[in-house]
Amino acid sequence: MKNKYLKSFLALLTGNGFSQLINLIFIILLVRIMSVEYYAVYRQGNLLIMTFAPILTLGLSMSISYFVPKCETRDEKKTYVFQTAAILLIMGIIWFVLVMSLSGFISETYNNPLLKKYLWVFGITGLSTNLFSFYPFFMCAEGMNRRLAKIVIFFALIKCATIPVYYISGYNINVFFGAFVATELLKSIFISFDTMRYYKGTKPKFTKKTFFTQIKFGIPIALTNMVTAYNKNIDKNFVSVSNTPDLYATYSNGAFEVPLISAIRQSMTGAFLPLFSKEYDVNKQESLDNIANVFKKAATYSAVVILPLMFSLILYSKGAMLFMFSEKYISATPIFIIYLLLLPTQITDFGTPLVVAGKQKYTVMFRVVGAVLNTILCTVLSIIFKDYRLIALAPVLTEYFVVIATLIKTSRIFKQKKLFAFLPGAGLMKIALVCIGVCAVFYFAGGYISIAEPYRSMILGPLCFTACVVPCMMMFDYTRNMLVNIIKKLLRRN
């Protein structure tokens, strides 16, 4: 199971990683050529989608990874996949209608009259995003991880192509948004035909049982995703509603998600669910222990990369912000640093084992409590501090609470002796200590290097990250062997 998981994880990580790297390049270019007012429209439109998209999926996309591996025939698999796609399409259409109907209210709430003119763009984008959400889980469940990686990268490149179109058009915002919508529609058409082609010749058997079984399974996931999205975006919505669009644009840049992080999480979840769904047996302690051990090792794999990334970015945060978002958004640096403190909670999706065990209700419960806590913290912080940027502390503190509660409950459900059996605590401490030591050396040595920003951070940042990653990987047998194998393959090619 470990080898299958690793191959699946690496294939997905490659696709998601490159895709999100391309998306980062897209934002880096966009922020430099687009005016603040139109950039605020783009960010607020995407905020709207990120806040409400989890409601539209009804948890059905992820359920494919649970049901499809358990199906005995292709007809059964097609039933679940097509059933999911049809419902997602209907929900996407409802989204578009609601966005257009409430365009005046939305633009007033976000303090941006210009947003109303372009909400049709985000209505269509939300529809496309909702439909596409089933596709990665379908591909993973059918073992087509490498193909998925190529497709994800391809569409990220297509999206990035809207930048030169915007430039050639003489910075015509209507042309840009038109091209942006065209890429979304192209993606939706492709995945629809690709899925139908794969299941050609099979006959789905839609029944009330399959429908309500999937809905029953998906509702707790939908509620969890909905509350998770609320927790991730309440601070952004709070700033958007109570401040001017340009201040929100600044805040959103500081609160952006480091691309590699979500790529790792998505890849791990996509690889975990199909494999662990087959492995899980509540009556066999060996099965429960095996899942716990593999999950913990996988978390260490990602921590070896994520924690060095966090420490390196904190050390060179000012240069990173200058490089990514230019001088006009440099005031977002404190927000960026605060958000980086979230990374230890992002080494994996700690709620995945609860989904495998069919105990999604606990993830819902923890997220609901977290949402209440997050709302209270946002309100209190906005009252205590005049600086709107400190609101970023609210989602960070909330996420740590949710992760700790999830870890404790998961250990109990999987009958583990340790309270944090699914957390590689000792490994994380070792990695953190190594990173702190390396960053301290770079901090003091950097004082003797007189290079202007952002070039200083562009040179020293990657060096610092590499100096942290290598010794961290050498500390663990499984990561050390992986590093050695990569070096051997590179030497053979040369």
Between OG of Ser411 and CZ of Phe422, what distance do you get to the nearest 0.5 Å?
6.0 Å
Would you compute the distance between atom CG of Asn253 and atom OG1 of Thr333 and round it to the nearest 0.5 angstrom?
10.5 Å
Nearest heavy-atom approach of Thr406 to Leu354 is CG2-CD1, 3.9 Å
Side chains of Ser188 and Ser128 only: does a donor on one sit below 3.5 Å from an acceptor on the other?
yes
Stepwise side chain to side chain donor-acceptor pair (under 3.5 Å) check, Ser35 with Tyr171
CA-CA 10 Å; Ser35 66; Tyr171 303 114; over 6 Å; no
Phe366: which residues meet the ring-ring contact (aromatic ring centres under 6.0 Å, His included) condition with it, sequence neighbours left out?
none
Where the side chain of Arg456 meets the backbone of Gly446, is there a donor-acceptor pair that is under 3.5 Å apart?
yes
Aromatic ring proximity, centroids under 6.0 angstrom, Phe190 and Phe155
yes
Would Tyr38 and Leu114 count as a side-chain contact (heavy atoms from CB on, under 4.5 Å) if you check the C-alpha gap in whole Å, the side-chain angles of each, and the deciding distance to 0.1 Å?
CA-CA 8 Å; Tyr38 286 126; Leu114 189 62; 3.6 Å; yes
Are Phe311 and Val438 close enough, and set up right, to give a side-chain contact (heavy atoms from CB on, under 4.5 Å), and what steps lead you there?
CA-CA 9 Å; Phe311 283 103; Val438 171; over 6 Å; no
Quick one, Ser103 and Trp120 - any side-chain contact, counting heavy atoms below 4.5 Å?
no
Keeping Ser107 on the side-chain end and Leu115 on the backbone end, is there a donor-acceptor pair under 3.5 Å?
no
Do Ser331 and Arg389 have side chains that get closer than 4.5 Å, going by heavy atoms?
yes
Quick one: does Tyr167's side chain get under 4.5 Å of Leu29's, heavy atoms only?
no
So which atom in Phe336 and which in Ala320 form the shortest heavy-atom distance, rounded to 0.1 Å?
CE2-CB, 4.1 Å
Can any side-chain N or O of Thr300 pair as donor or acceptor with the backbone N or O of Lys296 at less than 3.5 Å?
yes
Side-chain ion pair, Arg367 and Glu399, N-O less than 4.0 Å:
yes
Spacing of Cys435 atom SG and Ile306 atom CD1 [to the nearest 0.5 Å]
11.5 Å
Between Lys236 and Tyr251, is NZ or CZ placed under 6.0 angstrom from the six-membered ring centre and within 45° of the ring axis?
no
Distance in Å, Arg32 CZ paired with Glu327 CD, rounded so as to fall on 0.5 Å steps
11.0 Å
Phe122 versus Tyr118, closest heavy-atom pair with distance:
CD1-O, 3.4 Å
Smallest separation among heavy atoms of Ala303 and Leu428, with atom names
CB-CD2, 3.4 Å
Considering all heavy atoms, the nearest Ala467-Phe442 contact:
CB-CE1, 3.8 Å
Going from NZ on Lys159 to CG on Leu186, what distance comes out if it is rounded to the nearest 0.5 angstrom?
14.5 Å
Cys472 and Val304: side-chain contact (heavy atoms from CB on, under 4.5 Å), yes or no, with the steps?
CA-CA 6 Å; Cys472 287; Val304 161; 4.3 Å; yes
Within this structure, what is the CG-CG distance for the pair Leu340 and Leu315, rounded to the nearest 0.5 Å?
11.5 Å
pair Ile234-Pro395: side-chain heavy atoms closer than 4.5 Å
no
Donor-acceptor pair between Glu184 and Thr125 side chains, under 3.5 angstrom
no
Does the side chain of Tyr166 come within less than 4.5 Å of Met34's, by heavy atoms?
yes
Are Lys409 and Tyr362 in a cation-pi contact, defined as NZ or CZ under 6.0 Å from the six-membered ring centre and within 45° of the axis?
yes
Identify the heavy atoms of Val434 and Pro471 that sit nearest to each other, and give their distance.
CG1-CG, 3.8 Å
Hey, is the main chain of Asp246 close enough, under 3.5 Å, to the side chain of Thr250 for a donor-acceptor pair?
yes
Tell me if the NZ atom of Lys187 is crowded by more than 12 foreign heavy atoms within 6.0 Å.
yes
Are Tyr316 and Cys464 packed together at the side-chain level, in the sense that at least one heavy-atom pair is separated by less than 4.5 angstrom?
yes
With a cut-off of 6.0 Å (strictly less than), are more than 12 heavy atoms of other residues, nucleotides or ligands near NZ of Lys328?
yes
Are any non-hydrogen side-chain atoms of Ile404 and Phe420 less than 4.5 angstrom apart?
yes
Where the side chain of Asn111 meets the backbone of Val241, is there a donor-acceptor pair that is under 3.5 Å apart?
yes
Can you confirm whether the side chains of Asp194 and Tyr135 place a donor and an acceptor under 3.5 Å from each other?
yes
Counting C-beta onward and ignoring hydrogens, is there a side-chain heavy-atom pair between Phe238 and Ser382 closer than 4.5 Å?
yes
Could you tell me whether the side chain of Gln44 and the main chain of Asn112 form a donor-acceptor pair under 3.5 Å?
no
Could you walk me through whether Asp235 and Tyr339 satisfy the side chain to side chain donor-acceptor pair (under 3.5 Å) test, starting with their C-alpha distance in whole Å, then the side-chain angles of each, then the deciding distance to 0.1 Å, before giving a yes or no?
CA-CA 11 Å; Asp235 61 313; Tyr339 256 76; 2.6 Å; yes
Would you check if the side chain of Asn374 reaches a backbone N or O of Gly370 as a donor-acceptor pair within less than 3.5 Å?
no
Within a radius of less than 6.0 Å around OH of Tyr443, do more than 12 heavy atoms belonging to other residues, nucleotides or ligands occur?
no
If we ignore hydrogens and angles and just use 3.5 Å, is the side chain of Asn130 paired with the main-chain N or O of Leu88 as donor and acceptor?
yes
side-chain contact (heavy atoms from CB on, under 4.5 Å) evaluation trace for Phe177 with Thr162:
CA-CA 9 Å; Phe177 279 133; Thr162 59; over 6 Å; no
Side-chain (Ser302) to main-chain (Ile347) donor-acceptor, under 3.5 angstrom:
yes
For Thr51 and Asn237, test the side chains for any donor-to-acceptor distance below 3.5 angstrom and give the result as yes or no.
yes
Centroid separation under 6.0 Å, is that true for the rings of Tyr329 and Tyr39?
yes
